[in-house]
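Structure first, commentary second.
Quick note on labels: first sequence line is chain A, next is B, and so on, each numbered from 1.
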Protein chains: 2
Amino acid sequence: MIDKHISPSKSQHSQADTVVDELVTAIHQHRIAPGTKLGEDDLAEIFGVSRTIIRASLQALAHQQLVEIKRNRGAFVVQPSIREAHEVFEARALLEPGLANRAAERATANDIQLLQRHIEEEHAALAEGDRGKALHLSGLFHIEIARIANHATIAGFIEALIARSSLIIALYWRRESALCEKHAHHALLDALANQQGQAAEELMKSHLVDLHSALDLRERPKPARTLKEALGG
Amino acid sequence: MIDKHISPSKSQHSQADTVVDELVTAIHQHRIAPGTKLGEDDLAEIFGVSRTIIRASLQALAHQQLVEIKRNRGAFVVQPSIREAHEVFEARALLEPGLANRAAERATANDIQLLQRHIEEEHAALAEGDRGKALHLSGLFHIEIARIANHATIAGFIEALIARSSLIIALYWRRESALCEKHAHHALLDALANQQGQAAEELMKSHLVDLHSALDLRERPKPARTLKEALGG
DNA sequence: GGACACAATATTGTATACAACTTTGCGCTC
DNA sequence: GAGCGCAAAGTTGTATACAATATTGTGTCC
């Protein structure tokens, strides 16, 4: 579902792609917590395919750095460290503003409409109280901008970064700060619609700074799922 | 061999990693041309493992965008388009100068020595007339700098970009321009050794511009391996 | 003689079976 | 009763067998 936009001719999808999409979405929506073990037999039964397919899917997720495969131990949803959290948002701050600028120059009416719809869905999800879904859609908004900027290579990087951002937010978001992306995304949309590249760039930059500073990245990884991993180390 | 530096705890290597390393190196060194088909049975026999391992390896390479897997058709070494070539070098120009700056601030004497050795090997390879090997080592030089900069996330991106750069150079390098990375790399090393961040950043930037402009990116993909692909389109 | 249709071949996609390793649980010793 | 060692169970790693699809070769019809 996600790399459909980025990698052009991947329409020829295998069963593994379906599994990957399901898992990616579930992780994005925080329905699977960081640290969870993804057993092959379990997944094979759930999805009704053989372990061969599951293995390919898990390897794909490992390449995206969403899960970590420990040899002879299995696959686990990664728990990004504080350090990685900083890295990811630094990298985003480095890449995304420029992309927003490019996107403003290239966005068609169609693109704007699509983004508009994204924001509305995000809004609706939040109204329903489904924070996970809202966050997922918020990520798709950023990915869409990268796509509009028409720089597939960097867009691919952004996709990977946003996927990891989702995990980071799951781990380090502090409740106090409200999820007020609504304003930021709306302002961005306006700038894009009016082809104000410089404005879009600045908005994106400050938006990312806001996100980064809304994380609680002090020395203390939050509780993990498997207590063994949380305690024994 | 390559991601050993980037991904910290990947020392637990499976047979697939060996195959991947061999193929990556071979592609980097231009011993396998862009467009070549990588048949599963052939590789399985060559490496003395089952197709299972080969498949995992090819999927890994596909994720690195070094090969393209066409469903029911097989895996082929990718032939980057002119457009992708531009994208890759644009992305490198965006990321690597900053990394060089960071690296200058952090490089230890050990790091410098390691880079020094890299340059010497590169030099030696060129003296022997082994352009492929020299190019491979040249890539490792850049990857090493990314590693020294101590930003694993961006370093990972750089790694992917350099891998693709190798293919791009294989396709679009123009013979006229000499492979004179020697000076650029040596100057970079000096700047790093003396902790001159700003200088390193500028040197890296112009080095990449040089590389980019040494490519012949006019509208004309060079001859492909399979004539069918080259002619029928 | 050229073009199309069909059969034969080869290659990839998927499932299953077996091997290797890790973890868990039990029993023994001290 | 605590700690160690070994056996059993469970999970992952790898190889092989079978199914599905693409490619190639051959024959026939016009």
Side-chain angles (χ1 to χ4, degrees), chain A residues 3 7 9-23 32 35-63 66-78 224-233, chain B residues 3 7 9-23 32 35-63 66-78 224-233:
Chain A
D3 35 3
S7 7
S9 65
K10 214 170 200 172
S11 56
Q12 34 181 359
H13 58 85
S14 63
Q15 301 187 67
D17 293 328
T18 309
V19 176
V20 169
D21 289 346
E22 294 261 350
L23 286 175
I32 307 178
T36 305
K37 167 159 186 179
L38 302 176
E40 297 184 354
D41 275 327
D42 298 346
L43 293 174
E45 188 170 9
I46 291 172
F47 287 103
V49 297
S50 80
R51 273 181 53 220
T52 306
I53 307 294
I54 298 299
R55 252 165 139 356
S57 305
L58 289 176
Q59 285 173 6
L61 291 176
H63 286 141
L66 285 184
V67 312
E68 184 182 4
I69 295 179
K70 302 181 184 177
R71 187 170 171 84
N72 290 320
R73 304 267 324 269
F76 302 81
V77 178
V78 299
R225 223 50 166 185
T226 62
L227 301 192
K228 195 189 340 172
E229 291 220 345
L231 304 176
Chain B
D3 35 3
S7 7
S9 64
K10 215 169 199 170
S11 54
Q12 32 181 359
H13 58 86
S14 62
Q15 300 187 69
D17 293 328
T18 309
V19 175
V20 169
D21 289 345
E22 293 262 351
L23 286 176
I32 307 179
T36 305
K37 167 158 185 179
L38 302 176
E40 297 185 353
D41 275 327
D42 299 346
L43 293 175
E45 189 170 8
I46 291 172
F47 287 102
V49 296
S50 80
R51 274 181 53 220
T52 306
I53 306 294
I54 298 298
R55 267 174 95 62
S57 305
L58 290 176
Q59 284 173 3
L61 290 175
H63 190 84
L66 285 184
V67 312
E68 185 181 4
I69 295 179
K70 302 181 184 177
R71 187 171 172 82
N72 290 320
R73 304 267 324 271
F76 301 81
V77 178
V78 298
R225 223 51 167 182
T226 63
L227 300 192
K228 197 188 339 172
E229 291 216 346
L231 303 177

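- Taking atom CD1 on B:I69 and atom P on C:dT14, their separation rounds to 12 Å, with Å as the unit.
- Summarising the geometry, atom CG belonging to B:L43 is positioned 11.0 Å from atom CD belonging to B:E22; distances are rounded to the nearest 0.5 Å.
- If you take CZ of A:R71 and C1' of C:dC21, they are 9 Å apart, rounded to a whole angstrom.
- Here the CD1 atom belonging to B:I53 is positioned 10.0 Å from the CG atom belonging to B:D17, to the nearest 0.5 angstrom.
- Per the geometry, CZ belonging to A:F76 stands 12 Å off P belonging to D:dT11, to the nearest Å.
- Note that CD1 of A:I54 and CZ of A:R51 are 10.0 Å apart. Values are rounded to the nearest 0.5 Å.
- Of the candidate nucleotides C:dC21, D:dA15, C:dT12, D:dA15 has the atom nearest to the side chain of B:I53.
- With B:H63 contributing its side chain and B:Q59 its backbone, the two residues share no donor-acceptor pair below 3.5 Å.
- Atom pair A:D41:CG and C:dT16:P shows a separation of 12 Å (rounding to whole Å applied).
- Rounding to whole angstrom units, CG of residue B:D17 and C1' of D:dT14 are separated by 14 Å.
- Atom CD of A:E40 is separated from atom P of D:dT14 by 11 Å (rounded to the nearest Å).
- In this structure, A:S14 and B:R71 approach most closely via the heavy-atom pair CB-NH1, 3.1 Å.
- Side-chain N/O atoms of A:K37 include one lying less than 4.0 angstrom from OP1 or OP2 on D:dT12.
- Of all nucleotides listed (C:dG13, D:dT14, D:dT12), D:dT14 comes nearest to the side chain of B:S50.
- On a pure distance criterion of 3.5 Å, no polar donor-acceptor pair joins the side chain of B:R73 and the base of C:dG13.
- At whole-Å resolution of the value, NZ in A:K70 and C1' in C:dA20 are 20 Å apart.
- Nearer the 5' end of DNA chain C, as judged by each residue's closest nucleotide, is the contact made by A:R51, out of A:N72 and A:R51.
- When the nucleotides D:dT12, D:dA15, C:dT14 are ranked by their closest atom to the side chain of B:Q15, D:dA15 comes out on top.
- Straight-line distance from the CZ atom of B:R55 to the C1' atom of C:dT16: 15 Å, rounded to whole Å.
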